[in-house]
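The next block holds one structure in the form of structure tokens; read it before the comments.
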Amino acid sequence: MRHKAKGKKFSRTANQRKALLRGIVSSLFEHQRIETTVAKAKAIRGAAEKLVTLGKREDLHSKRVAMSYISNRAVVAKLFSEISPRFADRNGGYLRIIKTRQRVKDRAPMAIIEFVDYEDIRGKASE
């Protein structure tokens, strides 16, 4: 029985799982929108929202905590300079998960995870 066992294991060891989730969160911050499986999207949502909240504090300790989770300096800089200021007046719920299709190869349910203001950002970029 899995009493008090949190999170999905994704058939990986703890180190592999941690690296997988860190990589997906890093890609999310870099591209603002990614497509992944529904289970992985749900698994990274909490970590990503906590990092956005850290970015809103904008102090040295928050940057160091973010760097301990995301190893790419450019992505952390983007988190603190571009992403977090957009949500300064919002108390949470920075991400949305949209279920899209089933993957052809293994029929896994797929989803798009994106920031809630992604459409506004994409519209300004295309103008």
* Does a salt bridge link E30 with K78, judged by any charged N lying under 4.0 Å from a carboxylate O? ->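 Looking at K78 together with E30, the answer is no, because their closest N to O distance does not fall below 4.0 Å.
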* Just wondering, are more than 12 heavy atoms of other shown residues or ligands nearer than 6.0 Å to NZ in K50? ->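 Counting neighbours around NZ of K50, 12 or fewer heavy atoms of other residues, nucleotides or ligands fall under 6.0 Å, so no.
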[X] and [Y]: which non-hydrogen atoms are nearest, and at how many Å?
{"X": "G55", "Y": "F80", "result": "CA-CE2, 3.5 Å"}
{"X": "V116", "Y": "R96", "result": "O-NH2, 2.9 Å"}
{"X": "Y94", "Y": "E49", "result": "N-OE2, 3.3 Å"}
{"X": "V104", "Y": "R101", "result": "N-NH1, 4.3 Å"}
{"X": "A43", "Y": "F10", "result": "CB-CZ, 3.9 Å"}

Inter-residue atom distance [X].[atom1] - [Y].[atom2], 0.5 Å rounding:
{"X": "M67", "Y": "L54", "atom1": "CE", "atom2": "CG", "value": "13.5 Å"}
{"X": "K18", "Y": "N15", "atom1": "NZ", "atom2": "CG", "value": "6.0 Å"}
{"X": "E114", "Y": "I98", "atom1": "CD", "atom2": "CD1", "value": "4.0 Å"}
{"X": "I44", "Y": "I24", "atom1": "CD1", "atom2": "CD1", "value": "5.5 Å"}
{"X": "T37", "Y": "K42", "atom1": "OG1", "atom2": "NZ", "value": "10.5 Å"}

* Asked: Would a hydrophobic clustering, with Ile, Leu, Val, Met, Phe, Trp and Tyr connected at side-chain separations under 4.5 Å, put V25 with L20?
  ->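 V25 clusters together with L20.
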* Are L21 and I97 linked, directly or through other ILVMFWY residues, by side chains that come within less than 4.5 angstrom of each other? ->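 Linked within one cluster.
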* **All salt bridge (Lys or Arg N to Asp or Glu O under 4.0 Å) counterparts of R64, not counting sequence neighbours** =>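 Scan of R64 (salt bridge (Lys or Arg N to Asp or Glu O under 4.0 Å), adjacent residues dropped) gives none.
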* To do: Check side chain to side chain contact (heavy atoms under 4.5 Å, CB included) between D106 and all other residues, then give those that pass, not counting sequence neighbours.
  =>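 R103, A108.
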* Can you list the residues that meet the side chain to side chain contact (heavy atoms under 4.5 Å, CB included) rule with T100, with sequence neighbours excluded? ->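 Expected list: E35, M110, I112.
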* **Results of side chain to side chain donor-acceptor pair (under 3.5 Å) for R12 - residues two or more places apart only** =>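 Counting only residues at least two positions away or on another chain, R12 forms no side chain to side chain donor-acceptor pair (under 3.5 Å).
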* Asked: With no hydrogens and no angle check, is any side-chain donor or acceptor of S68 less than 3.5 Å from a backbone partner on V65?
  ->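 Yes; judged by distance alone, with no hydrogens or angles, the pair exists.
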* **R17 (side chain) donor-acceptor with K9 (main chain) under 3.5 angstrom** =>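 At least one qualifying donor-acceptor pair exists.
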* For the pair R57 and K63, evaluate side-chain contact (heavy atoms from CB on, under 4.5 Å) and give the outcome as yes or no after the intermediate values. => CA-CA 9 Å; R57 289 194 353 215; K63 288 181 183 179; over 6 Å; no
* Asked: So which of T36, I34, N72 actually passes side-chain contact (heavy atoms from CB on, under 4.5 Å) with S27?
  ->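 Result: among T36, I34, N72, I34 is the only option passing the side-chain contact (heavy atoms from CB on, under 4.5 Å) with S27.
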* **ring-ring contact (aromatic ring centres under 6.0 Å, His included) involving Y69 - partner list, sequence neighbours excluded** =>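 Partners of Y69 under the ring-ring contact (aromatic ring centres under 6.0 Å, His included) test: none.
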Ignoring hydrogens and angles, write down the donor-acceptor pairs under 3.5 Å from the side chains of residues 82-92, residues two or more places apart or on other chains.
| from | atom 1 | to | atom 2 | distance (Å) |
| --- | --- | --- | --- | --- |
| S84 | OG | V52 | O | 3.2 |
| S84 | OG | L79 | O | 3.1 |
| R86 | NE | D117 | OD2 | 2.8 |
| R86 | NH1 | Q32 | OE1 | 3.3 |
| R86 | NH2 | Q32 | OE1 | 3.0 |
| R86 | NH2 | D117 | OD1 | 3.2 |
| R90 | NE | G92 | O | 3.2 |
| R90 | NE | G93 | O | 3.1 |
| R90 | NH2 | G93 | O | 3.1 |

